[in-house]
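Take a look at the structure set out below.
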Amino acid sequence: MKSRTLLIIVLLLLVCPLVFSQGGNGTPPPPAQQPPPQLPVDGGLVALVVAGLFYGIKRTLKKK
């Protein structure tokens with residue numbers, strides 16, 4: 001009995017969203033808006049790495 005109840009609950013959780021997602025009036029959705037201009041994600045990353053290297057070298061030489 002417990003496994004049957006679990007099976008029914010799982011089937012309902014899987015089938016209900018599928019049934020409701022099939023609704024509509026047959027027309028496709030409107031086209032998406034233009035995306036924002038793409039900006040470089042790693043702009044200035046090279047400068048940050050170089051600055052970190054110089055800082056690390058400076059700290060290492062200062063310790064000795």
Side-chain angles (χ1 to χ4, degrees):
M1 184 71 178
K2 189 174 183 178
S3 63
R4 177 183 267 176
T5 306
L6 182 63
L7 179 66
I8 291 172
I9 290 172
V10 169
L11 285 175
L12 283 175
L13 289 175
L14 292 175
V15 172
C16 286
L18 179 70
V19 170
F20 286 112
S21 68
Q22 298 298 320
N25 55 5
T27 60
Q33 295 178 351
Q34 292 292 330
Q38 299 295 322
L39 300 175
V41 174
D42 57 350
L45 186 63
V46 175
L48 181 64
V49 170
V50 170
L53 284 173
F54 280 126
Y55 180 72
I57 292 170
K58 180 182 170 185
R59 295 280 297 198
T60 304
L61 292 176
K62 190 176 179 181
K63 263 188 186 177
K64 290 182 179 181

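All of these numbers come straight from a predicted model, not from anything done at the bench. For the single chain, residues carry numbers from 1 onward in sequence order.
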(request) Could you list the residues that satisfy side-chain contact (heavy atoms from CB on, under 4.5 Å) with Val10, not counting sequence neighbours? (result)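 side-chain contact (heavy atoms from CB on, under 4.5 Å) list for Val10, sorted by chain: Leu6, Leu14.
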
(request) Check side-chain contact (heavy atoms from CB on, under 4.5 Å) between Leu12 and all other residues, then give those that pass, not counting sequence neighbours. (result)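 With neighbours one apart ignored, the set is Ile8, Cys16.
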
(message) Are Phe54 and Val46 linked, directly or through intermediate hydrophobic residues, by side-chain heavy-atom contacts shorter than 4.5 Å (ILVMFWY only)?
(response)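 Val46 and Phe54: one cluster.
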
